Protein chains: 2
Amino acid sequence: MNTEDPQAAGLAALAGLIADRTRAACLLALLDGRAWTAGELARRAGVAASTLSEHLGKLVAGGLLTEERQGRHRYVRLADARVAQVVEDLAAQVPAAVVRRPPRSLREASAGAAMARGRTCYDHLAGRLGIVLTDALTRRGLLRQDTGFALTDAGVEWFGAAGVPLDLGGRRPLARACLDWTERRPHLAGAAGAALCRRALEAGWCVRVGSGRAVAVTPSGERVFSDLLGVSRDDLR
Amino acid sequence: MNTEDPQAAGLAALAGLIADRTRAACLLALLDGRAWTAGELARRAGVAASTLSEHLGKLVAGGLLTEERQGRHRYVRLADARVAQVVEDLAAQVPAAVVRRPPRSLREASAGAAMARGRTCYDHLAGRLGIVLTDALTRRGLLRQDTGFALTDAGVEWFGAAGVPLDLGGRRPLARACLDWTERRPHLAGAAGAALCRRALEAGWCVRVGSGRAVAVTPSGERVFSDLLGVSRDDLR
DNA sequence: GTGACGCTTCGGCGGCGGCCGAAGTGCCAC
DNA sequence: GTGGCACTTCGGCCGCCGCCGAAGCGTCAC
């Protein structure tokens with residue numbers, strides 16, 4: 001390369017951090033928005049602890065992850081919402097045919113079904129649950145998807161009325177579309193999506209299922225979503 | 001890797017296509033939305049024609065590029081707007097400090113200045129020009145950026161009145177934020193951004209400068225943007 | 001036809017990077 | 001202290017991949 005191009009080099013370096021099967025598996029696992037220990041990730045990815053340690057070093061050095069040492073554990077999480085967005089966006093581009101794979105076992109099948117029903121996607125809700133809520137917001141004129149992706153004034157009010165505080169002054173966009181990779185349609189992300197998810201977990205509208213990203217709606221959540229958004233219970237199961 | 005994960009493998013493979021300096025340089029060059037020949041890209045990237053041929057093969061096989069053979073030339077372009085978006089988004093994440101580099105020559109400096117003033121970003125307008133237009137749309141209540149990123153009803157009307165036809169039924173979102181890597185702020189992308197750019201070039205409001213992506217506003221364009229959006233001529237120079 | 005040109009294929013080279021196991025470091029429990 | 005555990009560092013192995021030049025193929029100009 002006679003004429004070195006710093007932008008191309010930077011782009012290649014960034015993509016290179018993701019362009020490894022093991023690191024990609026880590027990033028996807030970390031998309032649940034929580035902190036994992038190095039050991040958990042190593043088991044998940046199926047590589048030796050030493051191998052994973054090196055990968056984490058690269059991801060942290062590259063700014064994709066932040067780490068937090070606690071005793072003999074190294075906790076690691078996605079650095080910020082922008083990193084999560086990049087990983088999501090890229091993951092959403094991989095052809096559906098590649099991702100869809102018949103489950104190997106009953107256990108895997110039911111875990112997959114739970115994820116498809118509802119899960120967190122970094123800091124917001126995804127899966128059928130995410131889509132149902134996003135569609136309900138749209139149907140009620142609270143979110144507009146026809147000319148872009150933004151809350152309406154009524155939508156901002158609705159969040160206030162629902163007891164979901166919105167950070168209006170923040171640098172992060174309030175509403176953003178995130179392509180759902182099970183539903184293949186956009187769901188609500190951004191500050192509003194994060195606030196809704198946080199509130200739903202705090203208030204017990206939803207609970208985490210098992211150890212992973214899967215999320216289920218509680219009876220109280222069904223009532224709330226029905227009252228606030230007219231979502232039928234059948235759509236949430 | 002004991003438990004193979006098709007999603008991680010797919011993500012890594014996709015990122016791997018971008019994770020090479022030469023291929024990254026090609027993708028960035030192709031972000032101008034036009035078709036390039038293999039030879040042009042080889043010269044641009046500074047590698048042998050044979051090397052570049054192999055890279056193009058991978059990018060085409062991976063679905064990032066489409067090719068069109070004409071005589072002894074192989075024309076290649078980004079496969080679609082989604083690919084452009086992925087490349088843009090990823091490129092926008094590389095730290096500004098890496099990209100900003102003092103120009104080597106007067107020629108390079110003036111080319112850089114022209115690009116910063118105005119350029120195409122795949123199929124829409126970027127650089128100061130893109131930002132000025134996006135801000136003007138926002139100031140006039142035609143585009144809303146405070147609660148997301150979407151055209152208002154008045155905005156949809158404005159496009160009609162300005163003689164810029166919008167495809168309302170299309171699958172592609174009408175308005176989308178694209179992070180400008182010279183201005184570090186979002187400018188208008190999506191179907192509306194593409195329509196505006198197409199109309200501006202057709203109607204002679206803007207013209208391509210030199211051989212590349214740079215775009216300049218013509219006197220007639222200054223008049224139009226002033227009339228339609230209240231943009232001062234000084235902001236366009 | 002003849003030569004020039006654009007691109008592709010192939011062989012070979014070199015370097016990078018992912019992987020592991022072994023050894024080492026720090027932390028915790030007992 | 002003593003052992004166990006989580007993680008890291010190191011050395012070495014292996015395979016992949018980007019690079020080139022040479023040769024080949026099709027197209028275009030004359």
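Predicted, not measured: the structure shown is a model, and the values here were computed from it. Note on naming: letters A, B, ... go to the chains in the order of the sequence lines (proteins, then strands), and numbering restarts at 1 for each one.
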Peer 1: Round to a whole Å and report the spacing from CZ of Arg21(B) to C1' of dG17(C).
Peer 2: 18 Å
Peer 1: Quickly work out the Glu40(B) CD to dC7(C) C1' distance and round it to whole Å.
Peer 2: 13 Å
Peer 1: Output every pair passing side chain to side chain donor-acceptor pair (under 3.5 Å) with a member in residues 45-62 of chain B, not counting sequence neighbours, ordered by first then second residue.
Peer 2: Arg23(B)-His55(B)
Peer 1: Counting only side-chain N and O atoms of Arg69(B), is one of them less than 4.0 Å from OP1 or OP2 of dC25(D)?
Peer 2: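 So the side chain of Arg69(B) is outside the cut-off, no N or O lying under 4.0 Å from OP1 or OP2 of dC25(D).
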Peer 1: In whole angstrom, give the distance that lies between atom CG of Leu41(A) and atom P of dC7(D).
Peer 2: 9 Å
Peer 1: According to side chain to side chain donor-acceptor pair (under 3.5 Å), who are the partners of Arg208(A), at least two apart in sequence or on a separate chain?
Peer 2: Thr120(A)
Peer 1: Using whole Å, report how far CD of Glu67(A) lies from P of dC7(D).
Peer 2: 12 Å
Peer 1: Starting at atom OH of Tyr75(B), determine the distance to atom P of dG6(C), rounded to an integer number of angstrom.
Peer 2: 11 Å
Peer 1: Treat primed atoms plus P, OP1 and OP2 as sugar-phosphate and everything else as base, then score nucleotides 24-30 of chain C 5' to 3': B for base contact with protein heavy atoms under 4.0 Å, S for sugar-phosphate contact only, - for none.
Peer 2: --BBS--
Peer 1: Grab the NE2-P distance between His73(B) and dT27(D) for me, whole Å please.
Peer 2: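 Rounding to the nearest Å, NE2 of His73(B) and P of dT27(D) are 13 Å apart.
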Peer 1: Could you tell me which residues satisfy salt bridge (charged side-chain N to carboxylate O under 4.0 Å, His left out) with Arg128(B), sequence neighbours excluded, listed by chain and number?
Peer 2: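 By the salt bridge (charged side-chain N to carboxylate O under 4.0 Å, His left out) rule, Arg128(B) matches no residue at all.
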Peer 1: Can you tell me how far P of dC7(D) sits from CH2 of Trp36(A), to the nearest Å?
Peer 2: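 Taking CH2 of Trp36(A) and P of dC7(D), I get 13 Å after rounding.
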Peer 1: Once ring pair (Phe, Tyr, Trp, His ring centres under 6.0 Å) is applied, what residue pairs with a partner in residues 110-129 of chain B remain, sequence neighbours excluded?
Peer 2: His124(B)-His187(B)
Peer 1: Are the side chains of Val209(B) and Val215(B) in contact, using a 4.5 Å heavy-atom criterion?
Peer 2: no
Peer 1: List for me each residue that meets side chain to side chain donor-acceptor pair (under 3.5 Å) alongside Arg74(A), sequence neighbours excluded, and say none if there are none.
Peer 2: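 Only Glu67(A) meet the side chain to side chain donor-acceptor pair (under 3.5 Å) criterion with Arg74(A).
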Peer 1: Considering residues at least two apart in sequence or located in another chain, which fulfil the salt bridge (charged side-chain N to carboxylate O under 4.0 Å, His left out) criterion with Asp123(A)?
Peer 2: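 Asp123(A) satisfies salt bridge (charged side-chain N to carboxylate O under 4.0 Å, His left out) with Arg172(A) only.
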Peer 1: Quick one: ring pair (Phe, Tyr, Trp, His ring centres under 6.0 Å) partners of Trp205(B), sequence neighbours excluded?
Peer 2: Phe225(B)
Peer 1: Just N and O in the side chain of Thr22(A): are any of them under 4.0 Å from OP1 or OP2 of dC19(C)?
Peer 2: yes
Peer 1: Between Arg74(B) and dT8(C), is there a side-chain N or O to OP1/OP2 distance below 4.0 Å?
Peer 2: yes
Peer 1: Which parts of nucleotides 9-17 of chain D does protein reach within less than 4.0 Å, heavy atoms only, written one letter per nucleotide 5' to 3' as B for base, S for sugar-phosphate only and - for none?
Peer 2: BB-------
Peer 1: Which angle, to the nearest 10 degrees, lies between the helix axes at the two ends of the helix from dG1(C)-dC30(D) to dC30(C)-dG1(D), each defined by five pairs?
Peer 2: 30°
Peer 1: Contact between Leu14(B) and Leu90(A) at the side-chain level, heavy atoms closer than 4.5 Å - yes or no?
Peer 2: yes
Peer 1: Under the salt bridge (charged side-chain N to carboxylate O under 4.0 Å, His left out) test, which residues partner Glu88(A), sequence neighbours left out?
Peer 2: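 Partners of Glu88(A) by the salt bridge (charged side-chain N to carboxylate O under 4.0 Å, His left out) criterion, ordered by chain and then number, come out as Arg176(A).
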Peer 1: Output all residues satisfying salt bridge (charged side-chain N to carboxylate O under 4.0 Å, His left out) with Arg72(B), sequence neighbours left out; order by chain, then residue number.
Peer 2: none
Peer 1: Using atom CG of Leu52(A) as one end and atom C1' of dA6(D) as the other, report the distance to the nearest whole Å.
Peer 2: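 Interatomic distance, CG of Leu52(A) to C1' of dA6(D): 12 Å.
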